Number of protein chains: 2
Amino acid sequence: MASLRKTASEPRVRLNRERVIGAAIALADSGGLDALTMRRLGDDLSVEAMSVYNHVANKEDLINGMADTVFCEIELPSHSDDWRTAIRKRSISFRDVLVRHPWATTVRDSGTNPGAATLRHHDRVIGTFRNGGFSVAAAAHAFSAVDSYIYGFAMQEKSLPFTTPEETAAMAEILLAQLPTSDYPYLAELTADHVLKPGYRYSDEFLVGLDLILDGLESMRAGPS
Amino acid sequence: MASLRKTASEPRVRLNRERVIGAAIALADSGGLDALTMRRLGDDLSVEAMSVYNHVANKEDLINGMADTVFCEIELPSHSDDWRTAIRKRSISFRDVLVRHPWATTVRDSGTNPGAATLRHHDRVIGTFRNGGFSVAAAAHAFSAVDSYIYGFAMQEKSLPFTTPEETAAMAEILLAQLPTSDYPYLAELTADHVLKPGYRYSDEFLVGLDLILDGLESMRAGPS
DNA sequence: ACCTGAACACCGTTCAAGT
DNA sequence: ACCTGAACACCGTTCAAGT
């Protein structure tokens, strides 16, 4: 029944790699990487699961393609901004992309053979540091520090079982109620005096840490190698 | 055949949660989380796969248990060190643990109901900042920044297809040879002038970024909230 | 050139049955 | 109380067959 198209005139779009990857991203966005199944992907494309293999070597190739596509969504550092502004903007954009595609935090396209989008992006980031006055070594340090922070923050954020301030507060109340507060006094203090403050949002921590790192990089740039 | 014990006198150790989790960690350490299969785990324990369910609710429960166990391996921040030394030591220990158990980088025990080891560890880290003179808000910032960095660094490190300087150099040569260097000039420069330098090891970047963050935290602690 | 259906070797998990 | 075997509903992937 599911294989019957609604009308004979339905224009049956030809399958291609781009459509396959797009549908796969949509599937992973809404249900996580676990929901991404070749059979389910075929369903979404109104095709048998095995047809997908005509456009993708295997699941690993599919996921690499997804990662490279998602990398394209990250705003490249602008040439007209100073290094700090440029890196700050692209870092914020990077995190936004990881929030939209949480599965991407655990997928490493860079592994063996990164896609073109990934290479171009990395080149531009390193170039931004170099043109901003960083030595080659300092640019390597900066790149590593900033991207490690972004990936790690996105992963921590993803693992939180709440997002809105209301959810956070509700969760914190429960945690605090069932926590043996005498065993974990500092955790209790942090929860009561910080997390439960009105308007608290873990995501606000992102810029605090990012600016802290950018400040450090500015000193590194100005100071000795 | 596999179900026959070698000798009748073999002392058949009773299964328990601890042994199950230990074997699961060993399996994931050597083959990644993909290699961790209930059936394979049963094999390693000389038991049918289904017996594992007597000691573990399901695979998710198993993985949570593994994460909490691994958290115990992280050196707690010492009470006798100043905050910076204490956090630096435990951060290095944290990364060491994630290098030993790479699968743990993508597993979040903290999610819904963190284990006792995780809670105790977090409490001690926050306490170290508080006793070091950080306000509650600053301690929250510090905790978030440091742990995001550690997780992210471990993830990047895990995804690299090389570890020793020799492997790195070999990999960099190949990359450089097949890279259209005119399209990616800065990536090429970084590879040629930095990565290919004798003794280069990506893991050395860890302390550079960590100390940069600790410097920033020291300013935050001393300066205004 | 692309799509299909059946098949294979796996998964996690349930459940009745054994001891 | 713990372990087992068969079974169920899934996986990724191969391959011969269709168009």
Side-chain angles (χ1 to χ4, degrees), chain A residues 1-6 8-28 30-67 103 106-107 111-112, chain B residues 1-6 8-28 30-67 103 106-107 111-112:
Chain A
M1 43 156 200
S3 64
L4 286 179
R5 281 179 288 142
K6 292 198 203 101
S9 62
E10 193 173 321
R12 164 78 86 172
V13 192
R14 256 298 207 65
L15 211 56
N16 56 38
R17 188 170 223 267
E18 195 189 342
R19 286 222 306 137
V20 167
I21 288 177
I25 290 174
L27 204 45
S30 65
L33 226 42
D34 287 342
L36 175 60
T37 276
M38 300 307 266
R39 284 171 167 86
R40 204 138 24 164
L41 179 57
D43 267 8
D44 285 6
L45 291 163
S46 305
V47 105
E48 295 303 307
M50 296 70 204
S51 303
V52 173
Y53 284 92
N54 284 307
H55 306 93
V56 132
N58 48 36
K59 198 170 183 183
E60 193 192 331
D61 178 40
L62 171 63
I63 292 177
N64 277 340
M66 293 164 66
W103 50 270
T106 53
V107 166
T112 333
Chain B
M1 42 154 201
S3 64
L4 287 178
R5 281 178 287 143
K6 292 197 204 102
S9 62
E10 194 174 318
R12 166 76 87 172
V13 191
R14 255 300 206 63
L15 212 56
N16 57 39
R17 188 169 223 268
E18 195 190 342
R19 285 222 307 138
V20 167
I21 289 177
I25 290 175
L27 205 45
S30 64
L33 226 42
D34 287 342
L36 176 59
T37 277
M38 299 307 265
R39 285 172 166 86
R40 206 141 17 167
L41 180 56
D43 267 8
D44 285 6
L45 291 162
S46 306
V47 108
E48 295 304 306
M50 296 68 202
S51 302
V52 172
Y53 285 91
N54 284 306
H55 306 94
V56 132
N58 50 36
K59 198 170 183 181
E60 194 193 330
D61 178 40
L62 172 63
I63 292 177
N64 276 341
M66 292 163 66
W103 52 269
T106 53
V107 165
T112 333

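These figures come from a predicted structure and were not determined experimentally.
Sorted pairs that involve residues 31-40 of chain B and meet salt bridge (Lys or Arg N to Asp or Glu O under 4.0 Å), not counting sequence neighbours, are lacking altogether.
One atom, CD of Glu60(A), and another, C1' of dT13(D), lie 14 Å apart when rounded to the nearest Å. Rounded to an integer number of Å, the gap from Leu15(B) CG to dT4(D) C1' is 13 Å. Put simply, CG on Asn58(B) is 11 Å from P on dG12(C), counting in whole angstrom units. A straight line from CG of Asn16(B) to P of dA1(D) spans 17 Å, rounded to a whole angstrom. In this structure, Leu45(B) places its CG atom 15 Å from P of dC2(D), rounding to the nearest Å. Here dA9(C) presents its C1' atom at 11 Å from CZ of Arg39(B), a figure rounded to the nearest Å. Taking atom CG on Leu41(A) and atom C1' on dG12(D), their separation rounds to 13 Å, with Å as the unit. Atom CD of Glu48(A) is separated from atom C1' of dA1(C) by 18 Å (rounded to the nearest Å).
Applying a 4.0 Å cut-off to non-hydrogen atoms, the residues of residues 30-37 of chain A that approach DNA chain D are Leu36(A), Thr37(A), listed by residue number.
Relative to the side chain of Asn54(B), the nucleotides dC2(C), dT13(D), dT4(D) differ in distance, and dT4(D) lies closest. Of the listed nucleotides (dT4(C), dA7(D), dT4(D)), dT4(D) has the atom at the smallest distance from the side chain of Val47(B).
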Protein proximity profile, nucleotides 14-19 of chain C - base contact B, sugar-phosphate-only contact S, no contact -, cut-off 4.0 Å on heavy atoms: B-----
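Contacts of Asp61(B) classified as salt bridge (charged side-chain N to carboxylate O under 4.0 Å, His left out), with partners at least two apart in sequence or in another chain: Arg17(B).
The phosphate of dC3(C) (OP1 or OP2) has a side-chain N or O of His55(A) nearer than 4.0 angstrom. Between Arg40(A) and the phosphate of dC11(D), there is a side-chain N or O to OP1/OP2 separation shorter than 4.0 Å. Between Ser51(B) and dT4(D) there is a side-chain N or O to OP1 or OP2 distance below 4.0 Å.
Taken from CE in Met38(B) to CG in Leu41(B), the straight-line distance is 6.5 Å, to the nearest 0.5 Å. With values rounded to the nearest 0.5 angstrom, Ile63(B) atom CD1 is found 11.0 Å from Ile21(B) atom CD1.
When all heavy atoms are compared, the tightest approach of Arg19(A) to Leu45(A) is O-CD2, 3.9 Å. Leu62(B) and Ala24(B) get closest at one heavy-atom pair: CD1-CB, 3.8 Å. Nearest heavy atom pair, residue Val107(B) against residue Ala67(B), reads CG1-CB, 3.8 Å.
Stem list for DNA chain D (at least 3 consecutive Watson-Crick or G-U pairs, distances under 3.5 Å): C:4-8 with D:12-16, C:12-16 with D:4-8.
A side-chain contact (heavy atoms from CB on, under 4.5 Å) with Leu27(A) is found for exactly one of Asp44(A), Thr37(A), Leu33(A), namely Asp44(A).
A donor-acceptor pair is defined here as one N or O able to donate and one able to accept, closer than 3.5 Å; such a pair exists between the side chain of Ser30(A) and the backbone of Ala26(A). The closest donor-acceptor contact from the side chain of His55(B) to the backbone of Val20(B) lies at 3.5 Å or more, if one exists at all.
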Trace of the side chain to side chain contact (heavy atoms under 4.5 Å, CB included) decision for Ile25(A) with Trp103(A): CA-CA 9 Å; Ile25(A) 290 174; Trp103(A) 50 270; 4.1 Å; yes
